[in-house]
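To find a chain, count down the sequence lines: A is the first, B the second, and so on, and within it residues start at 1.
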Amino acid sequence: MRDAVLTLEIARAKSARGVRHRRFVDRSATTLLWCAALAVLALLTLFVGYILYLGAPAISWQFLTSPPSEVSAGGGIGPEIYNSFYILGLTLLFTVPVAVAAGIYLQEYARPGAFRTLVQFSAESLATVPSIVMGLFGLLVFVYLLRWRFSAIGGALTLTILNLPALMRVTQEALFSVPQTYREASMALGATRWGTIWRIVLPSAVGALTTGVILIAGRIFGETAALIYTAGVSVAAGKGAYDLNPFRPAETLAVHVWYTHAESVVPDVARIGNGSALVLLVMVLLFNVVARIVGRSLTRRFTGR
Amino acid sequence: MAAIATPRIGVFATRAHRQEFIAMLVLRAASTFVVVAISALFLYLAIEGTKLFTVDHVSPFQFLFSPVFNPDANKPGSLVFIVGSLSVTLFAVLVGGPFGIAVGVFLAELAPPRMVAAMKPAIEVLVGIPSVVYGWIGLTLLVPLIRTVTGSNGFGLLAAGTVLSVMILPTVITLSEDAMRTVPNSLREGSLAMGATRWQTISRVLLPAAASGLTVAVILGIARAIGETLAVQLVIGNAAVLPQGLLGATAALPTEIVIDMAGAQQGSLLEHALFSMAFLLLLIAMALILAVRFALRKRA
């Protein structure tokens, strides 16, 4: 009898301890997960703050507009900023139509089968190709095979292939979010499949699509490894640096940061790197904000939501 | 009786039919382009990447396992770069993997909506920061920090691994959050109804249920890390030696390619060796994609 009571007491004490223990573990885990998430925000704040602090003294109108210098201090990044936008524009010109078309095909047309699997597998594989490997492919095709030398167009075409899979994904997701009832209603009224996509599905998806495209544009703007051996690491002297001709070497801003540090002999490498990093970061932030604003207003305009 | 016009049949019967046909053709062509692009890339790199073995008659064994990289003396051993790549990637996954999964779990399971609203754009910006800016932060902030704390020169495995851990975070976070969200709610409810705490539910029910999705998150994190070039190049030290511990300077496959390609003569042994390294990277990326497919099939 006494033993039984004792056992019961012990069990009760144990389970109380168990509850306390479980609660403690649960709270610790919750705290840890919160810390991990806050750490991500802290990291981002640190990066932005640090780059602002580092780069602000380097920024001046002269720095943003003057040409880079080969040997002496005081070089600017004007042509590099121009080239970044130029290659970004060219890339989007090529990659958006192809990626959107392929995305529409996969999401709206293709029936399950060998061809769809092949396209999907190709897109996934393309998405994991490291950008330096893509850069060497660009070197083989555009520089060696087509003999374009280092050129803006070679760089843009390389980036076109590099960014196809991401844009296809964006397209597919944007189309996926359009309610199935829209398509059914349109078809029920006698519209063809293409008519439905063109008049109903795409306008409903255009907001999400644009947001995605602008976010990817931000990534293209900062791409480096794929451009070093396709668009090159130099700019033409004088007015030629702002040429519209796509068949000229076109060092972009991100490439310039790397090249200046790794290869150049100018004495003010740190200043150029700090200032350029700031410009790159501000552009990324800008692309993010613009993506959201434009996406929202387009969605409202085309769907009334 | 007036002649009855022959009815036009098939895809060209009406304007709508024609439009439909052309649209289909264009969309199919775009999809085919994707297949052609990856095939051409693979083929081209396979040809250029094996010239080291077919033209220069270097044995693949020597390329993969010899630590002596001296292309001028016909010795393109790439073991150093392979080990360097694998070590920084391993480091990045060991640090960034659990960290990213923790944040993904947080976002899916316990973040209040306002926190999610703050985190999403933050992660989007982290994705968008160019790799050379990550490298620049590593170079000017992390390397001096390591130098002061440890007394080494700061460049090396530790710096490169740390930068990569941060760079794979967005990938791991986003994919592990998705993985957690696909776990059916009934599992959550069942576990909580049994009296389990939230952490018990997460650690014993939800994480195992999401295991394949989390594996994919980590694999794609690896894929991001192993191909990263400039951020690593700026901080790894670029010494063609096997890493001597965490603080040792070393080099990786992408960093070696990007540095030496500029001076490589077309058709030289060095150029062939660099293309072999690029092909090796491509093969690793392909293997990772197959691993993803395998992980997802096991779930189905």
Side-chain angles (χ1 to χ4, degrees), chain A residues 22-23 25-26 29-30 32-34 36-37 40-41 43-44 47 50-51 54 98 101-102 104-106 109 118-119 122-126 128-133 136-137 140-141 144 161 164 192-195 215 218-219 222 224-225 228-229 254 257-258 261 273 277 280-281 284-285 287-288, chain B residues 16 19-20 23-24 26-28 30-31 33-35 37-38 41 44-45 48 99 102-103 105-106 110-111 115 118-119 121-122 124-133 136-137 140-141 166 169 197-200 223 226-227 229-230 234 254 257-258 261 266 275 278 281-282 285-286 288-289:
Chain A
R22 275 171 17 182
R23 207 172 283 159
V25 171
D26 187 54
T30 305
L32 264 177
L33 290 181
W34 267 96
V40 171
L41 291 181
L43 267 178
L44 181 64
F47 292 166
Y50 176 70
I51 290 289
L54 215 58
V98 180
I104 292 177
Y105 182 79
L106 283 182
Y109 275 83
L118 184 67
V119 176
S122 301
E124 281 167 30
S125 311
L126 215 48
T128 48
V129 173
S131 70
I132 179 74
V133 176
L136 290 199
F137 177 60
L140 285 174
V141 174
Y144 288 176
I161 303 175
L164 267 181
T192 59
R193 192 140 64 144
W194 176 246
L215 285 177
R219 262 181 264 172
T224 322
I228 293 173
Y229 294 112
V257 174
W258 176 78
H261 175 79
L280 283 169
L281 189 72
V284 168
L285 293 173
F287 273 110
N288 271 270
Chain B
Q19 249 180 18
E20 189 74 10
M24 184 75 166
V26 170
L27 298 184
R28 244 178 196 276
S31 312
F33 178 77
V34 179
V35 182
I38 186 73
L41 184 137
Y44 247 106
L45 279 169
E48 288 295 318
F99 188 14
V103 180
V105 169
F106 172 83
L110 45 128
M115 192 66 184
M119 296 281 298
E124 207 68 72
V125 173
L126 280 178
V127 176
I129 295 180
S131 68
V132 19
V133 173
W136 193 256
I137 295 173
T140 57
L141 189 66
V166 177
L169 273 183
T197 62
R198 183 162 61 187
W199 175 244
Q200 283 174 326
I226 200 140
T229 310
L230 295 150
L234 286 173
I257 296 173
V258 82
M261 200 66 205
Q266 205 178 338
F275 273 111
L281 274 176
L282 184 64
M286 292 293 189
L288 291 171
I289 274 297

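Ranked by heavy-atom pairs shorter than 4.5 Å toward chain A, the options B:Ser131, B:Pro130, B:Gly227 are led by B:Pro130. Ranking A:Tyr50, A:Tyr109, A:Phe287, A:Phe47 against chain B, the residue ahead of the rest is A:Tyr50, based on heavy-atom pairs under 4.5 Å. For the set B:Leu288, B:Val105, B:Leu41, the count of heavy-atom pairs under 4.5 angstrom toward chain A peaks at B:Leu41. In terms of heavy-atom pairs under 4.5 Å with chain B, the best-connected choice from A:Gly222, A:Ala37, A:Ala29 is A:Ala37. Counting heavy-atom pairs under 4.5 Å between each of A:Thr224, A:Thr192, A:Val25 and chain B puts A:Thr224 at the top. The residue among B:Glu20, B:Gln200, B:Met286 with the most heavy atom pairs within less than 4.5 Å of chain A is B:Glu20. With respect to chain B, the highest number of heavy-atom pairs below 4.5 Å among A:Ile161, A:Leu280, A:Val141 belongs to A:Leu280.
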Query raised in the report: Can you check side chain to side chain contact (heavy atoms under 4.5 Å, CB included) on B:Met115 and A:Leu41, steps first, answer last?
Result: CA-CA 10 Å; B:Met115 192 66 184; A:Leu41 291 181; 3.9 Å; yes
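The nearest pair of heavy atoms linking A:Leu118 to B:Val35 is CD2-CG1, 3.8 Å. The two atoms that bring B:Trp136 and A:Gly273 nearest to each other are CZ2-CA, 3.4 Å, heavy atoms only. Closest non-hydrogen pair, B:Ala223 versus A:Thr128, comes out as CB-CG2, 4.2 Å. Across every non-hydrogen atom of B:Ala102 and A:Leu33, the tightest pair is O-CD2, 3.5 Å. B:Ala30 and A:Val98 get closest at one heavy-atom pair: CB-O, 3.6 Å. Taking all atoms of both residues into account, the shortest heavy-atom contact from B:Leu230 to A:Ala225 is CD1-N, 3.3 Å.
In this structure, the side chains of A:Val257 and B:Val133 stay at 4.5 Å or more apart for every pair of heavy atoms. Two residues are said to be in side-chain contact when any heavy atoms from C-beta on lie closer than 4.5 Å; A:Val133 and B:Ile257 fail this criterion. Contact of the A:Val40 side chain with the B:Phe99 side chain is registered, since non-hydrogen atoms from C-beta on lie closer than 4.5 Å.
In this structure, chain B has heavy atoms under 4.5 Å from both the backbone and the side chain of A:Leu136. The part of A:Ile228 that comes within reach of chain B is its side chain, from C-beta onward, which places non-hydrogen atoms under 4.5 angstrom from that chain. The part of A:Tyr229 that comes within reach of chain B is its side chain, from C-beta onward, which places non-hydrogen atoms under 4.5 angstrom from that chain. With a 4.5 angstrom heavy-atom cutoff, B:Thr229 touches chain A only via side-chain atoms. If you measure heavy-atom distances from B:Ile289 to chain A, the contacts under 4.5 Å come from the side chain alone. Heavy atoms closer than 4.5 Å to chain B are found in the side chain of A:Leu54, but not in its backbone. When heavy atoms are compared at a cutoff of 4.5 Å, A:Asp26 approaches chain B by way of both its backbone and its side chain.
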